[in-house]
Amino acid sequence: MKKRLFCYLFAAFCAAVVLPSCGEDEPGPDYTQAIEEEISGDYKGTLAVTVAGAAAPVTSQNITVSKASATAIDLTISNFSFSGMSLGDVVLKNCELQQNGDVYTCQREEELALPDPVGTCPVASNITIANGEVTVTLDITVPALNDQVVKVVYEGTKLTGTEKTEAAILSFTFDTANEANACVIEQPVINDDKTITFRVNADAVEADPDMLKGLIPTITVSEGATLSPAGGVATDFSSNVTYTVLSEDGKTTATYTVNAPVQNKQMKFTFDDGWTEVTETLGSYLTPNPADLLATSNGGAALIAESLGGYPVVEEENGYVGKAVKLITCDSRETIAGSLMGIGVTSGSLFTGKFAFGDGNETIEYTKFGVVYASKPLTFKGAYKYTPGTPFINGKGTGSMITGMNFEITDDIDECSIQAVLYEVSSGTETLDGTNINNSDKIVAVAALQDGSAKADWTMFEIPFTWEEGKTYDKTKMYKLAIVCSSSKAGDLFKGAANSTLWVDELEVIGE
C-alpha cells in the first residue's frame, strides 16, 4: 500500500515539473530578426562633445550599426574628433544587447585604442536603441589629457534609404523690400568655387556701418537638406560668413563662403518721388525728381505741347516697381515746329543733365547731357518695355511754310535707345549735348542697350561698361555720367515713328 502511494506521488510531481536532461543548457536569447530588420543600418543625428565641462559646438554626424552576432552589434562613429584632434573611426565591437520590450540597451566598460596622441583610453559606454532612434553616451578618460573625461552624446534616427543625397545652396537672395536689406544694390551671385558675392551701397554703409550686421538672407537648399547657420535671420555680413549644407541622408556636405560685400557707389532713379514743375522761356512743364539731376525733352516741347496733344515725357503709374517714366515719340508735322523747321517727330527723351533753352544754335544743343560722377562705373541696370509706332518719318521735311512741308514716310520699324556714357571734362560746366554725345573723343566708357526692338512686357537689363580703346579710369580726373533714354533711337536726326512708346524704371549705375 505504501509503495503504491509513493509511486503515485512521484508520478504527479514529474507531471508538474519538467526536469532538464543532464548536460543540456537553457537556450539563450536570439535578437537576429530585430538586429537585421530594425536595428542595423545608418543613423543620422547630432554629436555633442564636452571636454572638462566645456561644450564644443554640436555637429551633424552619421553612425553605422551592424550585426556582430545573434545578440550583439558593432557601432561605428566615423571621423570622430575633439579638441582639434581627428581620431578617425571609433568602433564599439560586440556590444551585447539586453532587451526590455521594444528597447535594446548595452552598458559596458572597456579599453579603447585610439590613434596618437590620445592612445588607449578607458571608455564607459551606454547604448539605447528603440523604434528607429539611437542614443549613445561615451565617457572617455584620456590619460594624455591628465585623465580628463571627454563626454560624447550622440542622438540619431535610422535612415530609410530613400533620403536625398544632394547638398547645395540653390538660391541666396536679400529681399530689398525689407528695410534691413535696403543697402543691398546687387543680389548675391553663387560662384562655381562655392563663394557667394554681392554688392551694397557704400554711402548707406558709411552712414550706418551696423547695416551690414543685420542683413537677413533668404536661402534655398537642396530638397531635404539642412543648413547651418540658418537662413531667414539677421546675420553679420561685415566679414565672411560660412554656411554648411548637409544632405538629407547625412552623407554629403557642402561648404559655402559668403564674402563680405563689395561696397559700391550707386546712382539710382526709381521715379517714385513725384515730379517738379519747371518754368522756362517756352513755358512750364514737369520733370521727374530729382529735378537737379534729371531732365527731359519736355522743355523743348513746351511751346508746342498743346498741338502735340501732350508732352512727350509723362509719369507712368504702373511701373516695374512702383511708378515709372513713359516716353512718347510725338507726330509734330502739323505743329509750328513742323511747319517752320520741318521737324516731323519730337521724340521723348529722359537724361541726366539739364535742358537749357537757347544755349546753342539748334534744339539738339539745348540738351546738356551728364552730371558730375566721382566713381568708376561698372554696370548699368534697369527695366524697360517698348512699343514701336507708325508711320515712320524719315528725317526733316523739305519745303517751306508757304509751299508746305513734305515728309518722307518709310516702312522702317522704330527702335528705342537706352545708354549710359562716361566722359571726361575739364570743369563742372563742360558738357556734351545732342550733337556729340555719341561721337565725342571725350567719351571714356559706354554701356548701351543693344536690343531696341519691341518688348511687350517689362524686361530687365544689366550692361557692363565697355571702355573706349586706349581709355582707362583715372581718379585724378573729372568725369560726367550721362544716362540717356529715347523713344526713337534716331530721334536726334528727326527720324522716328509717331507714337513709339518707351517705358523705363529702376535705372541704376553701380560704380566703385
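The residues of the chain are indexed from 1 along the displayed sequence.
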- Message: Using a 6.0 Å cut-off, check whether atom NZ of Lys44 has over 12 heavy atoms from anything other than its own residue.
- Response: yes
- Does NZ in Lys268 sit with more than 12 non-hydrogen atoms of other residues, nucleotides or ligands closer than 6.0 Å? yes
- Might you work through the side-chain contact (heavy atoms from CB on, under 4.5 Å) test for Glu315 and Glu317, ending with a clear yes or no? CA-CA 6 Å; Glu315 187 174 35; Glu317 291 289 334; 4.2 Å; yes
- Query: Quick one: does Ser375's side chain have a donor or acceptor within less than 3.5 Å of a partner on Gly511's backbone?
  - Reply: no
- Task: Flag yes if more than 12 heavy atoms outside Glu155 fall under 6.0 Å of its CD atom; otherwise flag no.
- Result: no
- Ser297 side chain to Ser349 backbone, donor-acceptor under 3.5 Å: yes
- Item | CD1 on Ile73 to CD1 on Ile39, rounded to 0.5 Å | 6.5 Å
- Atom pair CD1 (Ile328) and OH (Tyr311), whose distance is rounded to the nearest 0.5 Å: 13.0 Å
- Message: Does Asp102, at its CG atom, have more than 12 non-hydrogen atoms belonging to other residues, nucleotides or ligands within less than 6.0 Å?
- Response: no
- Query: Does Lys323 come within less than 4.0 Å of Glu316, counting only side-chain N to carboxylate O?
  - Reply: no
- Item | Inter-residue atom distance Gln148.CD - Ile140.CD1, 0.5 Å rounding | 13.0 Å
- Message: Within the structure provided, determine whether Tyr479 and Val425 are in side-chain contact (heavy-atom separation under 4.5 Å).
- Response: no
- Message: Looking at Lys489, I want to see if its NZ is surrounded by more than 12 non-hydrogen atoms of other residues, nucleotides or ligands under 6.0 Å.
- Response: no
- Is Ser238 reaching over with its side chain to a backbone N or O of Lys213, donor-acceptor style, under 3.5 angstrom? no
- Here the gap from Asn94 atom CG to Cys106 atom SG, rounded to the nearest 0.5 Å, amounts to 10.0 Å
- Query: Can you tell if the side chain of Thr46 reaches within under 4.5 Å of the side chain of Tyr154, non-hydrogen atoms only?
  - Reply: no
- Item | Between Asn201 and Gln263, a side-chain donor and acceptor under 3.5 Å | no
- Does the ring centre of Phe369 sit less than 6.0 Å away from the ring centre of Phe351? yes
- Taking Glu96 for the side chain and Gln98 for the main chain, is one N or O donor matched with an acceptor at less than 3.5 Å? no
- Can any side-chain N or O of Ser440 pair as donor or acceptor with the backbone N or O of Lys442 at less than 3.5 Å? yes
- Query: Can you find a pair of side-chain heavy atoms, one from Glu508 and one from Thr270, that are under 4.5 Å apart?
  - Reply: no
- Query: Do the non-hydrogen side-chain atoms of Leu327 and Val504 ever get within less than 4.5 Å of each other?
  - Reply: yes
- Are any non-hydrogen side-chain atoms of Glu468 and Val444 less than 4.5 angstrom apart? no
Return a table of donor-acceptor pairs under 3.5 angstrom between the side chains of residues 162-177 and protein atoms on other chains or two or more places apart.
from	atom 1	to	atom 2	distance (Å)
Thr162	OG1	Thr160	OG1	2.8
Glu163	OE1	Thr160	N	3.3
Glu163	OE1	Gly161	N	2.9
Glu163	OE2	Thr160	N	2.8
Glu163	OE2	Thr160	OG1	3.0
Glu166	OE1	Ser222	OG	3.3
Ser171	OG	Thr220	OG1	3.0
Asp175	OD1	Ala177	N	3.0

- Message: We want to know whether Thr76 and Asp89 form a side-chain donor-acceptor pair, criterion being a heavy-atom distance below 3.5 angstrom.
- Response: no
- Message: Looking only at side-chain N and O atoms, does Asn126 offer a donor or acceptor that is under 3.5 Å from a partner on Thr137?
- Response: no
- Electrostatic pair Lys158-Glu133, nearest N-O below 4.0 angstrom: no
- Query: Are Ile443 and Leu432 close enough that some pair of their side-chain heavy atoms sits under 4.5 Å apart?
  - Reply: yes
- Item | Within-4.5 Å side-chain heavy-atom neighbours: Asp203 and Lys265 | yes
- Taking the six-membered ring for Trp, is the centroid-to-centroid distance between Tyr320 and Tyr384 below 6.0 Å? no
- Heavy atoms, side chains only, cut-off 4.5 Å: are Leu75 and Ile127 in contact? yes
- Verify the distance criterion only: is there a donor paired with an acceptor across the side chains of Ser487 and Thr329 at less than 3.5 Å? yes
- Enclosure of Asn439 CG (heavy-atom neighbours >12, cutoff 6.0 Å): yes
- Any Lys/Arg nitrogen of Lys67 or Asp74 sitting under 4.0 Å from an Asp/Glu carboxylate oxygen of the other? no
- Message: Applying ring pair (Phe, Tyr, Trp, His ring centres under 6.0 Å) as the test, list every pair that has at least one member in residues 119-145; sequence neighbours left out.
- Response: none
- Are there more than 12 heavy atoms of other residues, nucleotides or ligands under 6.0 Å from atom CD of Glu179? no
- Message: For the CD atom on Gln187, are there more than 12 heavy atoms of other groups (residues, nucleotides or ligands in this structure) within a distance under 6.0 Å?
- Response: yes
- Query: Taking Thr105 for the side chain and Val103 for the main chain, is one N or O donor matched with an acceptor at less than 3.5 Å?
  - Reply: no
- Message: Closer than 3.5 angstrom, by distance alone: can the side chain of Asn181 be matched with the main-chain N or O of Leu215 as a donor-acceptor pair?
- Response: no
